[in-house]
Amino acid sequence: MPDLEALAQLLYLTAGITRHRKHSGGDIYFRAAACTGALYEVEVYVVCGNLVDLEAGVYHFAPAEFALRRLRAGDYRSVLSEATGGETAIVHAPLTIICTCTYWRNAWKYQARTYRHFGWDNGTLLANLLAVATALGMPAKVICGFVDADVNRLLDVDPEREVAFSLVALGHVEAWAQRLPTKLSALHLETVPLSRNETVDPALREIHIASSLNAAEEVEIWRGNAGLAKLPPPTGPIVQVHPYSDAEMPRDPIEQVILRRGSARKFAQVPIELPQLSTMLDRATRGIPADFLDPQGTHLNDLYLIVNAVEGLDPGGYVFHPDGHVLECLKTGNFRAQAGHLGLDQQLPAEAAADIFFLADLQMILERFGNRGYRAVQLEAGILSGKLYLGAYAQHVSATGLTFYDDEVIRFFSPHAHGKSVTMLVATGKNAKSPLPG
Ligand SMILES: Cc1cc2nc3c(=O)[nH]c(=O)nc-3n(C[C@H](O)[C@H](O)[C@H](O)COP(=O)(O)O)c2cc1C
C-alpha cells in the first residue's frame, strides 16, 4: 500500500517544479518532464482510498505549493471502475492518477496543434511516472479508455476548458468493495482566469468530442488486443544494436536522472557511441503497460532515425526493428542539413548525433481504435519520447523533443514510410553548452 511519502515522490518527479530560471520577462519554473513551450497544460489529480497518511479522496496536485488540495472527501474509486468498464488495474488500484489538459494554456501559442501536444506533454510526464513507480516497486498501468464525461464530472472540471486525458492505475490491492457511485455534486470551485479572453480554436474541442467514449460498454469494446500489423521484416542492410548489459548500465537512481534532465539547447557536433544509442532505443521500446497496448510490447509508433554522428554507424536514414534488435539502413549519406530542415528549420536536429522520428500508420490505428486511437498514438509517442529522454540522461547524453514538417519527414523516409504519419521527434547528442555533470 503506497504511503504519502511515496506519493509525494511520484508527484514531484512527474509534475513537480525541479528548476527555476530568472528571465528578462520574469521567473520561469521548469518541471520534471519536458513540455512544449514550457507551458505545462497538464494537471495532475489523485483519486485514492485510504492510504497510509492520506485519507480517501479526490485531490488536485498543486506544484507551486507542492501540496495536494482535497476536492472531495471519501472513496470515489468506484466512479473510475465504472468509467473504465471495470478495468482490472483500476479495480485493484489503491490510487489512480488522472491527467487533464487545459486547452488555452497551450493553444494561445500553438492553436490547433495543441491537441497533439496534449498527447506528447502528457506522455513525457507519464514516462517519468512509470519509471518512478517501477523504482518504488509499484505496478502501474496507463488507461486511455474511459467514459470522458464521468471522469470530468468526478473532477468537476469545465470540459469546455479542461479535459481528462489519461489515467494511471497505481499499486495493487485485493479488489476493494464495489459500491455504486454516489451522485456527484458540483464543487463550485472558483478558478483563476488564465487570460482576459480565451479564444480556443473550435477544432480542438471537436477533435476531443469526436474521440470521446460515451458509455462503459463502449470502453469495454474499445480496449483489448491491439491486433495491429508489425513492421515488415528488413529488406535492406542491417546493423545489430548493442545495448549495454544490466551490469554495464549506469547506476544513477531515477531521481538523479530526472533532476539532471533538461532539454538540450545546443548540441556539440561530436559522435555518441552505438551502445549509447542502442541502449536508448532498446530501453524505450520494451513495452508500455497500457490498456491500448495489449499484449504488452505492442506499439503504435515505429522509430525512424537520421544518424548524423554515431560511432559504428554510417550516417544515413534508418528504421529500428525492436523485435530483431536491428537498425535497417534505408539510405546512407550526410543528412544534417535535411534533418535541420525537417525539424522545422532549427539548428538542434542538424547538430544532433541522431534524430529519432516516430511514425505511425494512422489509418490502421483509426480502423482498430476509432477516433480514440488518435489520442492513444499521440500519448504513446509522448511516453516513448519521455523514455528516450530518460535513457539519454541516464547515460549523460542530452536530448530534446522537437517539432517537424509532417509531409516532408514522410517523404524523406519513403518509400519505407509510405502511408504513415509523423507523431514526434526527439534529437539526441552531447550537450554543447554545459557538459552534463558526471
Ligand atoms: C513534444 C515536445 C516538442 C518540443 N519541441 C521543441 C522545439 O521544436 N524546439 C525547441 O527548441 N524545443 C522543443 N521542446 C523542448 C521544450 O521547449 C522544453 O521541454 C521546455 O522548454 C521545458 O524545458 P525542459 O525540457 O528543459 O525542462 C519540445 C519539447 C517537447 C516535449
Side-chain angles (χ1 to χ4, degrees), residues 2 6-7 9-16 18 31-36 39-47 61 63 80 84 87 89-90 93 95-102 106 115-136 138-146 151 163-171 223 254-255 257-258 261 263 283-294 296-301 358 360 372-394 399 401 423-424 426:
L7 180 57
Q9 257 181 306
L10 276 168
L11 293 170
Y12 177 62
L13 295 168
T14 294
T18 50
R31 303 213 195 160
C35 179
T36 51
L39 294 169
Y40 305 115
E41 74 277 11
V42 182
E43 295 289 327
V44 173
Y45 296 83
V46 176
V47 177
F61 172 57
L80 296 183
T84 57
E87 158 67 47
I90 295 278
L95 79 139
T96 293
I97 300 274
I98 303 177
C99 296
T100 66
C101 299
T102 301
N106 197 272
Y115 206 80
R116 302 190 195 192
H117 295 186
F118 280 6
W120 300 350
D121 297 334
N122 192 171
T124 55
L125 183 152
L126 292 188
N128 283 17
L129 181 58
L130 292 172
V132 179
T134 302
L136 291 169
M138 213 185 276
K141 184 168 181 186
V142 177
I143 312 293
C144 193
F146 54 88
V151 177
V163 286
F165 202 84
S166 70
L167 275 50
V168 181
L170 283 163
R223 70 165 165 253
I254 185 66
E255 53 271 30
V257 175
I258 289 176
R261 193 210 61 79
S263 297
R283 293 294 162 134
T285 55
R286 285 188 170 194
I288 299 166
D291 61 347
F292 56 93
L293 298 174
D294 179 29
Q296 200 178 325
T298 309
H299 50 94
L300 309 184
N301 286 278
F358 303 133
R372 188 65 150 222
Y374 189 71
R375 292 194 206 175
V377 71
Q378 302 293 351
L379 188 67
E380 191 207 58
I383 297 173
L384 289 169
S385 305
K387 283 175 172 252
L388 286 175
Y389 261 107
L390 297 179
Y393 284 83
T423 53
M424 175 104 199
V426 173

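Note that the coordinates shown come from a computational prediction; the quantities given were computed from them, not determined experimentally.
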Exercise. Apply side-chain contact (heavy atoms from CB on, under 4.5 Å) to Phe358 and Leu388, showing your working.
Key: CA-CA 12 Å; Phe358 303 133; Leu388 286 175; 3.5 Å; yes
Nearest 0.5 Å, what's the [atom1]-[atom2] distance between [X] and [Y]?
X      : Y      : atom1 : atom2 : value
Ile98  : Phe146 : CD1   : CZ    : 8.0 Å
Ser166 : Leu125 : OG    : CG    : 8.0 Å
Glu43  : Thr102 : CD    : OG1   : 5.0 Å
Leu167 : Leu80  : CG    : CG    : 5.5 Å
Ile143 : Glu87  : CD1   : CD    : 3.5 Å
Leu130 : Ile254 : CG    : CD1   : 10.5 Å

Considering only heavy atoms from C-beta outward, does the side chain of [X] approach that of [Y] to under 4.5 Å?
X      : Y      : value
Ile258 : Val132 : yes
Glu380 : Ile288 : yes
Thr14  : Phe61  : no
Leu300 : Leu293 : yes
Leu13  : Asn128 : no
Pro2   : Leu7   : no
Gln9   : Leu136 : yes

Closest approach of [X] to [Y] (non-hydrogen atoms, all atoms of both residues):
X      : Y      : value
Lys387 : Gly287 : NZ-O, 3.9 Å
Val42  : Cys99  : CG1-CB, 3.9 Å
Arg31  : Pro63  : NH1-CG, 3.5 Å
Arg261 : Ala33  : NH2-C, 3.4 Å
Ala127 : Leu390 : O-CD1, 4.0 Å
Met424 : Ser385 : CG-OG, 3.1 Å

Exercise. Report yes or no: does Asn301 contribute a side-chain atom to a donor-acceptor pair with the main-chain N or O of Val377 at less than 3.5 Å?
Key: yes
Quiz prompt | Donor-acceptor contact present, side-chain Asp291 to main-chain Arg223, <3.5 Å | solution = no
Exercise. Kindly indicate, with the supporting measurements, whether the criterion side-chain contact (heavy atoms from CB on, under 4.5 Å) is fulfilled by Ile97 and Leu126.
Key: CA-CA 10 Å; Ile97 300 274; Leu126 292 188; 5.9 Å; no
Exercise. Decide side-chain contact (heavy atoms from CB on, under 4.5 Å) for Tyr374 and Arg116; before the verdict, give the C-alpha distance in whole Å, the side-chain angles of both, and the deciding distance to 0.1 Å.
Key: CA-CA 9 Å; Tyr374 189 71; Arg116 302 190 195 192; 3.5 Å; yes
State which residues pass side chain to side chain contact (heavy atoms under 4.5 Å, CB included) with [X]; sequence neighbours excluded, sorted by chain then number.
X      : result
Ala133 : Leu10, Met138, Ala140, Leu170
Gln296 : Pro289
Thr36  : Glu41, Asn106, Tyr110, His117, Trp120, Asp121

Exercise. Mind telling me whether Tyr393 and Tyr389 have parallel, tilted or perpendicular rings, with 30° and 60° as the class edges?
Key: parallel
Quiz item: Under 30°, 30 to 60°, or over 60°: which ring-plane class applies to Phe118 and Phe165, parallel, tilted or perpendicular?
Solution: perpendicular
